[in-house]
Each structure stands twice: as structure tokens, then as C-alpha cells.
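Just so it is clear, the model here is predicted, and its values are computed rather than measured. Labels below follow one simple rule: chain letters A, B, ... track the order of the sequence lines, proteins then strands, and each chain is numbered from 1.
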Amino acid sequence: MPRFSKLLPLALVALLAARASFGEVAGDPERGAVVFAKCGGCHQVGEGAKNRIGPHLNGVFGRMAAELEGFPYSKSIKRAGADGLIWTRETLDAYIENPRVLVSGTRMSFRGLKKEQDRADVLAYLRTFSDDPSNIPEAEPTALGTDHDLDPAILAIQGDPEYGEYLSNECTTCHQTDGADEGIPSITLWPEEDFVVAMHAYKRKLRPHPVMQMMAGRLSDEEIAALAAYFAKPE
Amino acid sequence: MKLNRRHFIATATAASASLSAPMVKAGGHGKPRVVVVGGGAGGATAARYIAKDSKGEIDVTLIEPTRTYYTCFFSNLYLGGFRDIGSIAHSYGTLAVEYGINVVHDWATGVDRDAKTVALAGGGAVPYDKLILSPGIDFVDGAVEGWDLSAQNAMPHAYKAGSQTELLKAQIMAMPAGGTFAMVAPPNPFRCPPGPYERVSMVAHLLKANNPTAKIIVADPKPKFSKMALFQEGWADNYEGMVDWIGPDFGGSDVSVNPAAMTVTIDGEETKVDACNVIPAMKAGRIAELAGVTDGNWAPVNAADMSSKADGDIYVLGDASQQGDMPKSGFSANSQAKVCANAVRGALTGSKVFPAKFSNTCWSLIDTENGVKVGATYEATAEKIAKVDGFISQTGEDAALRKATYEESVGWYAGITSDMFG
Ligand SMILES: Cc1cc2nc3c(=O)[nH]c(=O)nc-3n(C[C@H](O)[C@H](O)[C@H](O)COP(=O)(O)OP(=O)(O)OC[C@H]3O[C@@H](n4cnc5c(N)ncnc54)[C@H](O)[C@@H]3O)c2cc1C
């Protein structure tokens, strides 16, 4: 996929840098086939798999988000794909742990697989249906982790909603307060923890968007907490 | 600030008022009063945020002559045929009705800094405790030889949006087959650094569809311009052979025009043109100069709160201000307005003042669903607004990314206009 060659290395570098410190959990494809039952209501995989409620998952490793022809993706996931989100072991792991943490406006209404082992297994299973596993660089499968590796102390920070309201002025230049999501996703009424995790994912350049990486990049942990506290409350 | 007797009395009054009512600094006349001159990207945002966040504690008056504000942002998209003129028009109804802002449709003609009043063209004066000026730009007299404001119908600037933009589009549409469109680009600093080049792209798009053998000449005094590599790539890819950009090395800085004869002379060579867009050198909107807060062409401000370096009770926002590293853009003016609103509220009602944070992103459209962007974050230092971090779109990006960038700009337009006008 030469089209993405510019984006892929960048995304990988950031991912690896952010996740390098995590231990390896080996996946068991057989157990993964069992775990996949939770996904099978929406997704097909294997010979003759078709798009159903969700896109089919053959060859998902190395694919750009929202790349399949003919599937009616949400705007958010299309945007993530255009911004350079590629499905790798790491990004898939973060996505299936909690889809909305990685792509807030995704239509994938799935609570997520909280157990690291379950995710490792189901991804090992899915990899057997990726026609070109050589897309995945050697070092990558060993670099595991979750998107929730944020220091619990960071998640525990109580944000000052008044400060959050002031800081939110910067957000509302683009994100509309009435929740409209034309071209730019809505950010109102986000659960606090999801918000904090997502902003830290931008700050660490796990999420790909350059404007958001820049905006989040200069927010302190306290400022992210303040924004989360403000946005969690209805106007 | 020079200290005269009036200032001394005003300060003493404020100080004694603060003993009985520590937070309200209204100089003994009830509610504190903020007057905002100019209802554009900076002024409308500042008025709305002060009214919204002070919850009735501050009287806000917005002085703006026009009833309909046409955004300059996306006015190039109107030229290209991607927007109709009504979609870039905004009125002040919501600011008046929902936010209780006293909207006065008149020109401010002067500022009496001792009496702390703003004079109106229609007569009378409006008193203020804090005055916010966001009058945008005016043009430097004699900047382009042969052009002055009286020539703006023959050779429009279209750098204040509305009838000028419509006129320019009509002139482009009326060009004969294979005719010539010329642009005289401005020197730095000017409103919207990528603006002239987005305009070239949009004019090219319009001509490609209606008059494909037409030519575009750009005379530019600058050797480099914003997003230059992106625009030049875009022109070569989408409008091959149509755009002739003439930088200063080839005489682009040696330009005169003759609006009566419709000719442009570049480096001594006269060309007959069919439509001509003259964008002269710019300066702060004239009211800033009349208020005595300019130094040269622009009004220097303190980065922390956008207060004028000449008068602590006057704030200057947006294009008119000289603040440091931020480009003159609607996004910047809106960002500065929110920092200023927070500081003004703090000064008048004692509300908490948070540290200044500024940002900017400018999207430009090159062709259908082919958007690019450049952006940065900024902080206040003792001397200026200083750049912290930034990014720019890359050449050679794929179509999906360019489309997403364009869609983002559409979302931004909806976001910023509702942030300005409610
Ligand atoms: C072609 C073009 C494209 C652009 N594209 C973009 C873009 O994509 N993104 C972006 O961020 N920016 C863009 N800009 C720049 C943006 O329009 C300006 O930077 C922005 O409007 C500046 O805001 P301001 O408040 O300083 O001035 P303005 O928005 O111009 O507002 C000034 C207001 O003050 C009023 N006024 C002036 N004098 C007086 C007076 N004496 N009394 C009362 N009222 C007065 C005027 O009527 C006007 O309404 C573009 C500009 C142009 C020309």
C-alpha cells in the first residue's frame, strides 16, 4: 500500500515509543476463536466473509481504518483513516479495548474487551485471516499494552471545572457546543475518563490528528482533568 | 501611560469603590461598562464571551456599522463557487436578544481617553470602563501606484468581504474567453497570509470551468508566501499552465496599475487585463490610530491580556493589533478575544483570571475537496505572543486526507461563526 507509506512509519514510531515499556502477552488463536463469538454478531471473518453490521475482518492487519469499499463507515472512522490510523496489533488492541477511546464517534457500539488476555487471543485469531502478516514489522507483536496504561494518579486528578470552562474556549472555535459533528467531531457530554484517556492519547501521538496532537500536547495533566470535568457536565 | 489629574482621580475612585464593593470597579456608576468597537472575528467573540460569562454583571455595548457581517473566511470559496454569498452572511440578532448585548449600528469616530468615551458618527458618545478595539484593517495610502480607494470598483480589493467580493466575482465571470486576471499581492504583514493564494486557486477553479484558456498573473513583492510549496504543487497539478506567479526577483515588487485603462505594469512591462484584484499594503483600522494606540501601522499590545501598550483601559484584538508571532486571521482574532474577555472580566468583576493560551489554524482550499492547513499554538511572554509548536500539511498527501482536511474546514467554519455570533 504505497499510498500510506508516508504515514505508517510515523504512526508506528509514535506507537512503539508510547508502548515500548509493556510486557508481552502471547495470544492463543484457538481461544481467540471462542472470544470472537462476542464480535460475530456484527463481524464476519474467514472464507466468503461479507460486510454485515460491521465490516468483514479478513486482512484487517495493515489495513487503513475505513478502507474497505462499500462499507458505510461513520464519519469519525473515515476521518481517523484519512488522518493515518492503520490497523496494527497496537491500534487494534487499543480499539477493541474501548472503541470510543480511540475513535470517539465510531458506530461500533461495543463496550470493549477489558482483559488483556482476551484481546491478545482474539487478535491472534484474527491474524490468521490477514493475508499478509508480513505487513507487521518484526518488533511490533512483542510491543503490547493497553491504551489505559495511564498512571492511575493522572486519572485520579480532580479537575477544576471553572478552569476547564476557560480552557474549553479553545475547543469551541472548531467543536460546536450544540454537539453538531459536521466535519469536526462532537465533544460534548463525554464520560470524564474517556476524555482524559483520549486527550492523553493525542498528547502521546497515539491518535493521529495533527491539530489535536498540537492542542493536547501543551495541556498539563491538570488542564486535561479540568477540561474533562467541564465537558462531562451538561450545559 | 501618562499620569494626569484625571487618571489620578479615576484611580482613586476605583480604589475607594473597591473598599465598599471590592469586586465591582465601575467608577461609581453602577454596573461596569465594556464597549467593543467592531463586530468581526475579534469584537463579536469578545462581546459574546464577556456578556455570557459575566451573567449580567457587565454592560456590553457593541459598535458596528453594518447589519450584516460577511466573513472574509470562506469568501474565497464563494469566488470558487463552493459557497453562496448568503452562507457567509451573519447578523447580530442573537447577540442582542440572547446575550443582552447593546448592539449599536454606527461608526465609532473617535475616542476620548481622558473622559473614557467613544464618539459615534450619528452623534453622542458612549462611556466605557474598558474599551476593546477590533476594527480589522484599512489600506495604506499610495501602497500601489495608480490605485486608491476611489478605484476599488474598477479594481476591487475584495479584502473586506461582501459587495467587493461579489463585484470581483462578476468581473471574473465577465472576462472574455482567454482573457487575463491579475492580482497585486500585498507585502507583509497582512490579513490572512494564505488568503491571496487560496484566492488564486479559487479563481483558477472558476476559470477552469468557465473560461479554460484564461490566464492568471500574480505580481508579488514577497519572495516567499504562506503554504507556498502546497499552493505551487496544487496549481501545477490542477491548473497547469494557468497561473503565472511573479515574485520580486522577476519584478513582482515593481508594480503600478491604471484602473481607467485596465492595465497593470510589472517591471516596466504593461499588460492589458480583464479583471484585476489589487490587495494593497495594510494597517490597523483607522479608529485605532484615532484612539492614539498605534505605533506606525499597528497597535502594540501586551501579550498576557491584549491590553494596549499605550493605555491599560484599551484592548486591541485581531488584525489591528501588533502582538508578535500570530498571523492575522479570524482564528487568531477569536483566540485573542477569549483571552482578553477573561482578563477584562477579571479586572471589572474580580472573576478568576487564567493564563493566556492562544492558537491558530488556517485551512485553505486548493481545488474540490483538496484542503490544506497550517497551525500553531502560542503563549504570552513578556515581550510578545510567542509561537510554541506548529504543523503544516505536506505536499503529496493522498486524496482522502485532503478531503478530510476540507471537511474539517467546513466544520471549523460552523464552529467559529457560532462562537462569534451565538
Ligand atoms: C480572502 C480572505 C480569506 C480569509 N480566510 C481566512 C480563513 O480561512 N481563516 C481565518 O482564520 N481567517 C481568514 N481571513 C482573515 C480574517 O477574515 C481576519 O483576520 C479577521 O476577520 C480579523 O478579525 P478582526 O476582528 O480583526 O477584524 P474584522 O473581522 O474585519 O472585523 C472588523 C469589524 O470592525 C468594524 N469596524 C471597523 N472600523 C470601525 C469603526 N470605526 N467603528 C465601528 N466598527 C468598525 C468593521 O465593519 C468590521 O465588521 C481571511 C481574510 C480574507 C480577506
Side-chain angles (χ1 to χ4, degrees), chain A residues 1-7 10 64-67 73 75-85 160 162-187 203 205 208-220 223 226-227 235, chain B residues 41 45 49 52-53 330-332 334-335 337-339 341-342 345 351-361 363 371 373-379 388-420 422:
Chain A
M1 283 176 295
R3 273 197 303 151
F4 312 124
S5 56
K6 279 204 189 66
L7 300 165
L10 251 182
M64 183 181 77
E67 200 194 355
Y73 290 102
K75 276 191 195 144
S76 298
I77 196 109
K78 281 196 216 157
R79 202 178 288 129
D83 284 337
L85 178 61
D160 168 5
E162 192 190 347
Y163 188 29
E165 179 171 11
Y166 167 74
L167 292 170
S168 78
N169 295 348
E170 274 209 302
C171 315
T172 53
T173 303
C174 300
H175 297 275
Q176 288 181 261
T177 43
D178 66 4
D181 66 348
E182 194 69 32
I184 287 188
S186 160
I187 51 168
K203 196 172 155 100
K205 304 200 192 298
H209 197 271
V211 178
M212 285 309 303
Q213 288 180 356
M214 178 182 81
M215 300 303 286
R218 66 156 172 182
L219 293 173
S220 68
E223 287 172 334
L227 277 167
E235 281 278 296
Chain B
T45 308
Y49 271 81
K52 169 171 85 71
D53 293 339
F331 199 123
S332 296
N334 169 272
S335 171
K338 291 183 267 200
V339 168
N342 185 253
R345 248 179 353 106
S351 67
K352 206 159 161 187
V353 178
F354 296 107
K357 274 190 200 282
F358 303 95
S359 54
N360 177 60
T361 300
W363 286 267
K373 62 189 170 190
V374 58
T377 53
Y378 304 84
E379 65 186 7
V388 179
D389 189 16
F391 69 87
I392 182 163
S393 294
Q394 301 299 303
T395 50
E397 287 171 343
D398 66 59
L401 178 53
R402 290 296 175 86
K403 179 167 187 269
T405 303
Y406 167 64
E407 285 169 354
E408 213 171 85
S409 74
V410 174
W412 164 76
Y413 185 88
I416 191 171
T417 50
S418 70
D419 207 38
M420 290 162 63

Worksheet item: If we only count heavy atoms from C-beta on, is the B:Glu407 to A:Lys75 side-chain gap below 4.5 Å?
Response: no

Worksheet entry | pair A:Tyr166-B:Lys338: side-chain heavy atoms closer than 4.5 Å | no

Item to complete: May I ask you to decide if A:Glu223's main-chain N or O and A:Ser220's side chain share a donor-acceptor pair within less than 3.5 Å?
Response: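 Between the backbone of A:Glu223 and the side chain of A:Ser220 there is a qualifying donor-acceptor contact (under 3.5 Å).
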
Discussion item. Test your reading of the model: is there a side-chain donor-acceptor pair from B:Ser418 to the backbone of B:Ala414, 3.5 Å cut-off?
Written reply: yes

Response to the item:
Per-residue tally against chain B (heavy atom, under 4.5 Å) across A:Arg218, A:His175, A:Glu170, A:Arg79 peaks at A:Arg218

So which part of [X] gets closer than 4.5 Å to some heavy atom of chain A, the side chain, the backbone, both or neither?
X	answer
B:Thr361	side chain
B:Thr377	both
B:Asn334	side chain

Heavy-atom pairs under 4.5 Å with chain A: which of [options] has the most?
options	result
B:Ala404, B:Ala376, B:Gly375	B:Ala376
B:Tyr413, B:Tyr49, B:Phe354	B:Phe354
B:Asn342, B:Val410, B:Thr417, B:Val339	B:Asn342

Item to complete: Looking only at non-hydrogen atoms, find the nearest pair between A:Ala82 and B:Ala400 and report the distance.
Response: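 It is CB-O, 3.5 Å.
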
Worksheet item: Are B:Lys373 and B:Glu408 close enough for a salt bridge, meaning some N to O gap below 4.0 Å?
Response: yes

Worksheet item: Is it the backbone or the side chain of A:Gln213 that comes under 4.5 Å from a heavy atom of chain B, or both, or neither?
Response: neither

